[in-house]
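Here's the structure, in structure tokens; my notes come after.
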Amino acid sequence: METKHTTGPWVIDWNVARLDIFSSEAKVLVASLRRSALSEDIDEAARANARLIAAAPEMYEAIAAIATAMNLGYIPNEILSEGSPILEGLRAAIAKAEGK
């Protein structure tokens, strides 16, 4: 599976004004989120969003591995039958990550 995104892992730089997500070599800025000094709730949401973004490469790989295992018959069809919400969710997540 060919990917065009910056390869993981991604790391978070927890600085005062922003939460910057970089490639592990710190060569590519993947995302930057503004922190809020005005609201602890908004700041905690920004921290949670940064953690979710930073986990994206690993989540993508895990989802792709599940889809491959299913296609190879390692996961019983009863669990992930055609049209099941789980299978459709996997396919939708992979397609979204691949920009389709």
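Treat the numbers as computed from the prediction; the structure is a model and nothing was measured.
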* Tell me whether Y60 is reachable from I53 by hopping between hydrophobic residues (I, L, V, M, F, W, Y) whose side-chain heavy atoms are closer than 4.5 Å. => no
* **SB check E44 R51 (cutoff 4.0 Å)** => yes
* Identified side-chain contact (heavy atoms from CB on, under 4.5 Å) partner of F22 from the options I12, D13, T6 -> D13
* Taking all non-hydrogen atoms of both residues, which atom of I63 and which atom of A93 are closest, and how far apart? -> CD1-CB, 4.0 Å
* For N15 against L19, the heavy-atom pair lying closest together -> OD1-N, 4.3 Å
* Is a side-chain donor or acceptor of R47 paired with a backbone partner of W14 at a separation under 3.5 angstrom? -> no
* Structure fact -> W10 and A54 have their tightest heavy-atom pair at CB-O, 3.8 Å
* For S32 and R18, which heavy atoms make the closest approach, and how far apart are they? -> OG-CD, 3.3 Å
